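Below you'll find the structure, written out as structure tokens, and then a few comments.
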Amino acid sequence: MEATPAWRKLPYRRLELYEPEGDLMTLQLGPQHPSTHGVLRIKLHLDGERIVKAVPFPGYLHRAVEKLCEQLTYVQIAPIVDKNDYVAPMTSEQAIILAIEKLLKVEVPRRARWLRSALAELQRVASHLLWLGTMTLDLGGALGGGGSVFVYTMRERELVLDLFEGLTGSRFHYNTHTVGGNRHDVPAGWAKDMHAALDLIEKRIPEYETLTQNNRLFVERMRGIGVLEPELALELGVTGPNLRASGVDHDLRRDAPFHAYDEVATNVITAKAGDCLARTQVRVAEMKESVRLARAFIDGLPEGPLVSGKPIKLPGQFKVNSGQVYAALESARGELGTFLVAGAGTSPYRLKIRPPSYHAISALPYLLPGHTVSDTVAILGSLDPIMGEVDR
Amino acid sequence: MTFTATMIVFALVGALAFVGSIFTVRSSKLVHAVLWLGVTLGMTAILFVQLGAPFLAGIQLLLYVGGVMTLMIFGVLLTKRDGDSELKTEEPSRERGALIALAVFAVLAGTIWLGRDALQRTAVPSLGTGWLGTSLLTRHLVAFEALSALLLAAMIGAIVIARRRDPDQPSEPKES
Amino acid sequence: MTLFAWLSSILVAVIVLTVTAFGLWWERKLAGRMQSRLGPTIVGPIGLFQPIADLLKLVQKEPIIPQRADRALFWLAPPLTTLFALLVAALVPFGPKLAPANIDVGVPLIIALGGLALIPVWMAGWASHNKYALLGAMRAVAQSVSYGVPLVLTALVPVILAGSMNLNSIVAWQHRHHWLVVWPVFLGLPAFILFILAMLAEANRIPFDIPEAESELVAGVSTEYTGMHFGFIYLAEYVHTLVGSAVASTLFLGGWDGPFGPSVLWMVLKTCLLFSVLYWLRWSLVRLRADQLMALAWKWLVPAGLALVLLAAVWTQTPWGR
Amino acid sequence: MTLTTCLILSAALFSVGLYGLLTRRHAVGILLSIEVMANAANLNFVAFAHYGGASWGQAFALFVLGLTVAEVAIGLALVMLLFRSHKDVLVDLANAFKH
């Protein structure tokens with residue numbers, strides 16, 4: 001890569017400073033576009049195929065979830081918010097439950113915390129698998145090599161979804177967490193199934209590495225593309241694998257342990273380059289680490305009650321404190337935080353979700369200029385945004 | 001005078017070539033003009049086959065239709081300003097141009113017509129592509145080499161002329 | 001051209017179209033198996049009539065023309081893409097006597113006609129009045145111009161060795177000596193690989209399918225097309241690959257030459273085998289970026305092609321190459 | 001098809017090209033017209049080669065092809081230059097090359 005041209009740094013906000021050879025072309029990438037991971041619109045100003053300025057416009061999937069939650073009781077919120085991050089609903093749900101428990105000062109039994117950790121790790125594996133598939137889909141197209149990797153990763157993701165179904169009875173929107181514990185206990189034989197599934201996934205991860213990181217074409221498309229400098233990442237609040245790929249050693253599982261992560265140590269995976277390839281490497285390595293962690297959490301699942309006291313079902317059972325609380329966990333995409341201000345009744349006065357994807361998206365105006373249209377989808381894909389989470 | 005298949009093909013192809021050339025010079029949209037030029041050139045290629053020069057026909061398609069037309073398309077699109085209207089050009093002095101062209105045609109056609117007896121020749125079988133190649137490297141060797149030198153010069157010249165002045169630092173932003 | 005030649009050309013066109021239809025089925029089946037899926041199974045025995053069902057579906061669909069499209073070009077482009085792709089097929093010899101158009105300048109003509117297929121693709125992209133289509137069209141043009149050069153250069157290797165531009169003579173020469181990929185292997189094999197690469201690029205196949213790059217440009221040149229118009233563009237791409245495989249088999253794999261049995265069988269076998277390998281490539285690789293594609297063509301393929309041509313010329317002057 | 005008809009067709013094509021050369025204002029349009037004229041000349045060469053006498057006709061046609069390609073490359077490069085400096089390629093502006 002040649003040195004970054006001066007104009008790439010400057011005009012992402014000041015288009016008038018750029019003097020093109022010919023005319024600039026404005027291309028609306030999205031909201032209906034195969035590679036915008038939902039309904040993101042990016043307004044691209046192109047000089048030929050090179051991007052001069054890029055402005056992302058989120059909001060096409062806005063469903064007013066936060067406002068809706070203000071009308072719901074604390075018990076009702078969880079199944080709503082797990083539709084935010086529809087690729088990793090489990091952590092999406094856990095994030096809100098964490099905040100509510102923290103607000104209500106509910107003690108969670110150890111067994112529930114270990115189970116939650118295991119579920120979070122399984123969810124991370126599933127989410128990263130889907131990400132890897134869509135990433136190659138962005139590079140290789142649905143009618144090409146990308147399609148193949150996508151089908152393979154979906155096949156393995158299915159194993160995780162089967163596990164979740166075995167546990168909660170639902171493949172997607174689980175509603176398995178209640179305030180103060182978990183609703184569904186591990187059924188008989190589930191641990192064995194999980195080990196079998198994880199063995200298979202662990203065996204196949206090297207195959208994906210062959211198809212992606214060790215594939216010359218894939219590497220050529222990803223290396224040096226969309227370099228996210230650590231300073232910029234920190235400034236924008238980018239977290240999760242995107243941040244770790246830029247060389248910042250930050251992981252809430254280790255730095256601010258939630259669930260049972262203070263009892264089982266997490267190896268934080270980082271990479272230096274900060275480009276699309278580094279993000280790929282970090283995620284694939286994280287998958288291996290997550291497999292290890294999930295095994296550890298299930299193997300060491302302590303005996304005891306799953307829910308503190310009597311399961312809380314009715315909103316009236318809450319003794320609502322006034323006050324405000326922020327709780328965060330490390331979802332597959334980064335720091336998924338919830339800011340909760342208690343209301344007078346049984347529903348929150350204000351609920352604000354801090355989605356990691358939104359902050360990842362905000363890096364686009366800085367990453368895209370200087371790259372081509374082809375790189376746009378690679379960069380966007382590598383940031384792993386989930387529009388449901390971005391727009392809420 | 002009997003109508004043979006060759007004659008019918010010639011009439012059709014020739015007419016198409018002529019029509020193509022008319023549209024090439026008259027189309028208001030330059031993109032259409034380029035495509036019509038393609039028609040003319042392609043039809044000429046067919047005529048080449050009929051005139052016993054299939055190799056030339058192949059080269060014509062390869063170079064002209066494949067290469068030159070592609071370049072022209074680039075030329076048209078890169079020199080486009082905003083919108084379609086810019087691709088249209090209004091031609092001044094259309095009548096004068098037509099008059100001159102007609103006069104030239106009259107002179108040419110008249111000359112051909114006057115010399116029609118001298119032009120009564122029978123077709124000779126083509127000497128073949130092999131012979132063409134041999135003659136290029138023996139009898140026309142100097143011209144052949146000169147042509148290759150010219151192509152090289154043209155290539156370098158085109159690159160030098162059309163190059164961005166400073167490819168690494170496209171136009172330093174001026175502070176405003 | 002005689003009447004026989006014209007008739008057999010039409011026959012070849014019909015055969016190629018039929019074969020392409022089942023090539024489609026074969027690809028989907030193959031791709032399905034590669035992706036641990038089944039592929040088409042419903043229509044006909046083992047889904048064999050799926051392409052026909054697809055065709056019927058496409059024919060029924062309403063052709064939609066965007067309001068600001070260049071109507072004439074928009075209509076004309078898709079059939080032309082298919083036509084040009086089919087024209088090449090008429091030049092490929094399927095047996096010593098089974099060459100619809102057995103002409104002396106087969107190689108340049110094939111490459112020229114193959115290059116021509118670009119024009120309607122560009123027409124389609126430009127006429128659509130869609131930015132994605134236009135970007136795709138410009139990519140197609142740039143790609144075709146770049147890859148035309150190595151295509152010509154590598155096709156020159158068998159021409160130089162066999163001393164003829166007639167495809168049938170080239171096969172006959174391979175029949176007398178060796179298949180070109182077998183001997184001289186240091187010429188034949190690299191030339192064959194380069195030819196395949198350049199041919200893939202000309203046919204817009206992955207990893208060189210940037211003109212339609214559906215993840216970036218929605219569908220590139222075919223974005224605005226519906227119904228049978230889309231079908232034509234789609235078909236042309238397949239015909240192009242099929243015919244390209246046939247040409248590659250002819251030039252490098254000995255064409256209709258085989259140890260036993262009818263010559264047509266060998267030709268079809270080699271073509272299908274190559275076709276399947278290309279599909280295999282398609283379903284395992286990601287696509288390159290436009291600038292990487294150009295860099296590959298000009299920095300590697302063109303110099304390599306030039307070197308091969310030079311080497312071939314030298315080889316013919318050595319005692320072994322005479 | 002005789003030599004005469006070929007020559008007449010060629011003359012017609014040439015005149016049409018000339019018309020275009022005289023009336024087009026867009027630089028690329030002028031290049032197109034020149035292509036038509038060169039093509040007409042080529043037709044003459046090949047026709048004479050076919051109808052006896054001029055066996056070198058095909059060789060010359062080949063040279064003309066090469067020359068035209070070179071001409072188009074240079075011509076388009078100039079057009080690009082013109083466009084870049086003036087944002088327009090009407091040949092009236094070509095005076096600009098002087099200064």
Side-chain angles (χ1 to χ4, degrees), chain B residues 5-6 9 23 27-39 41-42 45-46 48-50 52-78 80 83-85 87-88 125-134 137 155 159, chain C residues 1-3 6 68-73 76-77 80 84 87-88 91 101-127 129 134-135 137-138 140-149 151-152 155 159-160 163-166 169 202:
Chain B
T6 327
V9 171
F23 278 107
S27 281
S28 54
K29 277 187 180 175
L30 267 178
V31 168
H32 287 185
V34 174
L35 293 172
W36 278 115
L37 178 70
V39 172
L41 297 175
I46 296 180
F48 283 176
V49 174
Q50 289 217 308
F55 178 69
L56 270 180
I59 296 299
Q60 167 107 350
L61 286 182
L62 194 65
L63 273 189
Y64 255 128
V65 186
V68 171
M69 263 186 73
T70 317
L71 275 178
M72 290 288 190
I73 285 169
F74 262 116
V76 171
L77 287 187
L78 288 180
K80 182 178 77 128
D84 283 352
S85 59
L87 286 177
K88 298 182 177 174
S126 174
L127 290 168
T129 313
W131 181 86
L132 179 61
T134 316
L137 288 179
M155 189 173 80
I159 291 170
Chain C
M1 270 173 132
T2 58
L3 190 67
W6 284 107
R68 292 187 66 191
D70 192 319
R71 292 185 76 91
L73 294 188
L76 206 57
L80 279 183
F84 282 141
L87 274 179
V88 184
L91 297 171
N102 189 11
I103 52 174
D104 276 344
V105 290
V107 175
L109 211 55
I110 273 191
I111 293 168
L113 288 175
L116 271 193
L118 156 81
I119 302 287
V121 167
W122 177 82
M123 273 163 67
W126 187 79
H129 202 278
L134 187 64
L135 275 177
M138 294 310 276
V141 171
Q143 180 177 340
S144 183
V145 168
S146 307
Y147 279 83
V149 181
L151 197 69
V152 173
V159 168
I160 290 173
S164 170
M165 287 193 286
N166 186 323
S169 313
E202 289 266 321

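Below, each value reflects all heavy atoms present in this structure, side chains not excepted, and no hydrogens, waters or symmetry copies. Each chain gets a letter, A, B and so on, in the order its sequence line appears, and its residues count up from 1. All values reported here derive from a predicted model rather than from experimental measurement.
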Is it the side chain or the backbone of C:Val107 that comes within 4.5 Å of chain B heavy atoms, both, or neither? neither

Which atoms of C:Leu73 approach chain B - backbone, side chain, both or neither, heavy atom under 4.5 Å: side chain

Below 4.5 Å, heavy atoms only, C-beta onward: do B:Leu61 and B:Phe48 meet side chain to side chain? no

In terms of heavy-atom proximity below 4.5 Å to chain B, should C:Ala142 be classed as side chain, backbone, both, or neither? both

Would you please classify the geometry between the B:Trp36 ring and the B:Phe23 ring as parallel, tilted or perpendicular, with 30° and 60° separating the classes? parallel

Proximal component of C:Ile119, with respect to chain B [non-hydrogen, under 4.5 Å]: side chain

C:Leu134 and C:Trp126 have their tightest heavy-atom pair at CD1-CD1, 3.7 Å

Testing the basics here: between C:Gly125 and C:Ala137, what is the closest heavy-atom pair and its distance to 0.1 Å? CA-CB, 3.8 Å

